[in-house]
Amino acid sequence: MQNGLEHSTAMHELPVSQQPEVDYVRVRFAGDSGDGIQMTGTRLAESAARFGNDIATFPDFPADIRAPSGTIYGVSAYSLNIGHTEVDTFGDETDALVALNPAALRKYLEGVKQNGLLIIDMDAFTERSIAKAGFSGNPLEDGSLTSFRVLPLEITSNTEKALKETGLSAKDARRCKNMWTLGLVLWLFERSTADVEHWIEQKFHKKPEVAKANIMALQAGHLYGEVADLPPDVSRYRIQPAPLMEGEYRSINGNEGMAYGLYAGATLANLELFYGSYPITPASPLLHTVAKLKELGAISFQAEDEIAAICAAIGASYAGHLGVTGSSGPGIALKTEAIGLAIMTELPLVIVNVQRGGPSTGLPTKTEQSDLFQAIWGRNGDAPLPVIAPAHPGECFDMGVEAAKLATKHMTPLMVLTDGYIANASAPWKLPDFSDPAYEPFPVEQVKDPNGFLPYDHDPETMARPWAVPGTAELMHRIGGLEKQAGSGNISYDGENHQLMTQIRAQKLEAIAKSIPLQHVESGKTTGKLALLGWGSSWGPIRVAARRAELEGKSVSHIHLRHLWPLPPNLEELLSGFDRVIIPEMNNGQLATVLRSQMDVPVESVSCVKGRPFLVREIAKIIDDALGA
Amino acid sequence: MTDLKPKDFASSLDVRWCPGCGDYAVLKSLHKMLADTGAKLEDTLCVSGIGCSSRLPYYMATYGFHTIHGRAPAIASGAKLANPELDVWVFTGDGDGLSIGGNHLLHALRRNLDMQIVLFNNQIYGLTKGQYSPTSQKGVRTPSSPGGTVEMPLNPARFAIGAGSKFIARSIDTQAKVLGPILEAARAFDGTAFVEVLQNCVIFNDGVFDHLKDKKQGPDHTIVVEHGQPMVFGVNKDKGIRAKAGGFGLEVVSLDVGGSTEADLLVHDETNHALAVALAELGEKDGEPTVLGILFREPATEFGAASRVGLPEKPLSMNEKLTRLSATLRAAETWDVGEDAA
Ligand SMILES: Cc1ncc(C[n+]2csc(CCOP(=O)(O)OP(=O)(O)O)c2C)c(N)n1
Ligand code: SF4
């Protein structure tokens, strides 16, 4: 891809994960929302990444801010897949579940594989909390866990004991039980506690006593693994570093990647970034991240609602900045009328939709990719809008750059579709090197010369109109949402002219189709029996399942769309080289419907709208059903 | 200083308001004021929503953006934040600004970003052919209220005070002597200046403001307030406004009856918030004059300047930005994968 997509991620190079607990391990922390689960998970992810493993994470927190403690819906969890191969997904089955209370055990036991490891805080298994979780009896005693390896530990009291000397109150000491647990899990993975200690010191540098307590708890958990007589079937996991491409890495989630990428894109376009937004899950962190870029010149504006947010971004674009707005489904719905205005006024504008589940408020914290129709078609009038979508967190940065490039090159609003999974999941990311030709600047030329200036004069190649910014002498002109006369941009209700302008707006997308990369095959051959066609965050599970099947000698290829509208011009030809094309989507068949309207290739749809990404085994089943197991 | 004439601020498009529409007069005052104050065409940006009055930017030779219904304050805010050098004007109607765009207007006024919002109040929806608007008087019969409206009308100036506006003025479309200086003061104000213009719609609400405009009787129904001046009004300058004895609020008194003198009258203090509230509401009852002029003006923190605190002093070059971005990306924990690590 022109903008360096291939350069940014190491994942293309890695072997496929095959054997659970040898190639990769999936561990899930689960506890009460107040137990510090997300922080524990993030720390383990960070240290696994630093060790050199490939990782994929899946934070899963309750939608309620303060769900009552001990209840099922108050459970917060963090899943992490650690591998020395490419892991790509957050995994199907849990190898090890750390359950800090009965509700956590109850909620996530189902996903634990046979003979998987259960690390349980016995102290939390009081009669009351067991009943609250909806168990009829104590699962630790009634034999219901016999198909697992159970490691019941007194995590809470061990933590209290370890912190006795500190003089901390029992309540404060108990707060550190997540660190004790993390220490133990680090031991299980044969990792030292040094990185986490360093992090704790920095995080709590203003509260040295808190830092000390957390570190002591962490070390105590680690030591416990070392000295306690753990049952012989609890063996440590030995996951080697992954053969990642050489370079400097950090971990990044999709929202961060997108925010930084948009800033980089605006910069490479030689423009200032203006981000207008209104808080909404799961898009808010985009606003938080841009807000922190102020000293780099980025302007962020928290508007009174989504309509004002996009309108402010349009105003900023009109005044010469790169206007960007971000939201999630319901907020994007509100922005619709203004998107039409941006299409009519042909201003560059990037709209990021971090999709979540369902219509209306739907499933705010769950992931889905069901806003494709909304993105492509959800407006009044013939209102073409380019749509692109990154496949995983590590790609968001480059997609942010790509968005800025297409929007400015063609003078158009553009929508980027990510989703709750991509937004929150983190992965190792090879840091960009801006001297790389992939990040070649694409400075935008704003018109200065009044000679022959016509605001709606279109460049025949890009179909861009000239961008004349208020403040520029002698280029004064008026724009707006009413239909305009080609060239002059004056209001025109003339039928012939509207026909022409409708065509011009359509040709803009045709011009974009010419400038986007040709569709390539992600894995597998370019022709064959079966192509799995995906877009967005279904990338990971499709990739793993397809590559495993390929290793088994099956004719299956994975094709993944980043440019959803306009479609890559060679897509029809590419797809027609396969006997069957199946589209696994986290919606009720939207891409399949779009493709049926656009090309003469029969496509089949498989849908998963369960608020989580596809499981690898679900994709594997699609392949088996299509090709025979 | 440029030496542009008022006509230089007019675009080449034919003005398409109904003959006799009050909008013409406002446009004329605007052209004149901009010329008088040495405004530059290229630095002036007129943003509007949708409605008859929102067509105004097309009739300006400046930069103009005719946007969507109700959203002009938001678009103008983005433009002004991006380029603080621009002189930004918002033109809106009572429906555009207070109905569909009420939320944006509220927040624009609250933030106090340096721009001017001119609201044309004709107490009707003009463009959509005469339905009642949020400022329509109770009982008014329109196509959408054949039996007369039952809604309480909204008072725009009162709304602006409630929103925390720091500059509130009111004028009548055709009274250039009042409107001109108000527009000029609005332009000079460092913050959001809100100007309500009582505007006649000849087609759908003709004459609603006639009693205020009437050459003979008008002065009995209006008072033009001026900072530091006593509140005298009336055809014969024989009426005044004073604080209600023994309570809150204002009352109208006759200067010749009952021994009231000018000394008893209030002196306008445009920085007095409580007074501004009372002045905005005056005129709603019989016998009270509608207050024109600058009702309230109080310097306050300007949003644009405040929100730029923390930005680099000078715009950064592309290289500087990339360098700083690199550093920011690396401020997180990073690690190297080298040959031997593989
Ligand atoms: C989203 C949307 N809803 C409705 C309309 C129709 N509409 C256009 S102008 C208008 C009312 C205008 O009234 P006002 O703001 O008082 O302006 P006037 O025409 O009286 O100057 C309406 C309802 C529209 N253009 N867009
Ligand atoms: S309808 Fe009324 S407001 Fe609109 S242009 Fe005609 S007179 Fe003016």
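Source: prediction; values computed, not measured. Scope of the values below: all heavy atoms of this structure, side chains included, with no hydrogens, waters or symmetry mates. Order of the sequence lines sets the chain letters (A, B, ...), proteins ahead of strands, with each chain counted from 1.
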Measure distances from B:Arg111 to the heavy atoms of chain A and classify the residue's part below 4.5 Å as side chain, backbone, both or neither. side chain

Can you find a pair of side-chain heavy atoms, one from A:Tyr439 and one from B:Leu322, that are under 4.5 Å apart? no

d(A:Leu341 CG, B:Ile75 CD1) to nearest 0.5 Å is 5.0 Å

Under 4.5 Å from a heavy atom of chain A, the part of B:Arg16 involved: neither

Could you look at B:Thr62 and say if it's the side chain, the backbone, both or neither that has a heavy atom under 4.5 Å from chain A? backbone

Charged N to carboxylate O below 4.0 Å: is that the case for A:Arg50 and B:Glu333? yes

Counting heavy-atom pairs under 4.5 angstrom with chain A, the leader among B:His107, B:His104, B:Arg308 is B:His104

When only pairs under 4.5 Å are counted, which of B:Leu86, B:Thr44, B:Asp43 shares the most heavy-atom pairs with chain A? B:Leu86

Quick check on the interface: out of B:Gly64, B:Pro57, B:Ala108, who has the most heavy-atom pairs with chain A under 4.5 Å? B:Gly64

Contact part of A:Asn490 toward chain B, heavy-atom cut-off under 4.5 Å: side chain, backbone, both or neither? side chain

Is any side-chain heavy atom of B:His66 closer than 4.5 Å to one of A:Leu482? yes

Interchain contact, A:Leu293 with chain B, by part (heavy-atom threshold 4.5 Å): side chain

Heavy-atom closest pair, residues B:Leu325 and A:Ala264: CD2-CB, 3.7 Å

Are B:Arg324 and A:Glu295 within salt-bridge range, i.e. N to O under 4.0 Å? no

Under 4.5 Å from any heavy atom of chain B - which part of A:Leu273: neither

Top residue by heavy-atom pair count (under 4.5 Å) with chain B, among A:Gly481, A:Ala312, A:Ser300, A:Ala319? A:Ala312

Would you check if A:Thr345 and B:Phe65 make a side-chain contact, meaning some heavy-atom pair closer than 4.5 Å? yes

Within the structure provided, determine whether B:Arg71 and A:Ile307 are in side-chain contact (heavy-atom separation under 4.5 Å). yes

OG1 of B:Thr328 to OH of A:Tyr260, rounded to nearest 0.5 Å, is 6.5 Å

Closer than 3.5 angstrom, by distance alone: can the side chain of A:Lys294 be matched with the main-chain N or O of B:Val309 as a donor-acceptor pair? yes

Would you say the side chain of A:Phe301 lies within less than 4.5 Å of the side chain of B:Ser307, judging by non-hydrogen atoms? no

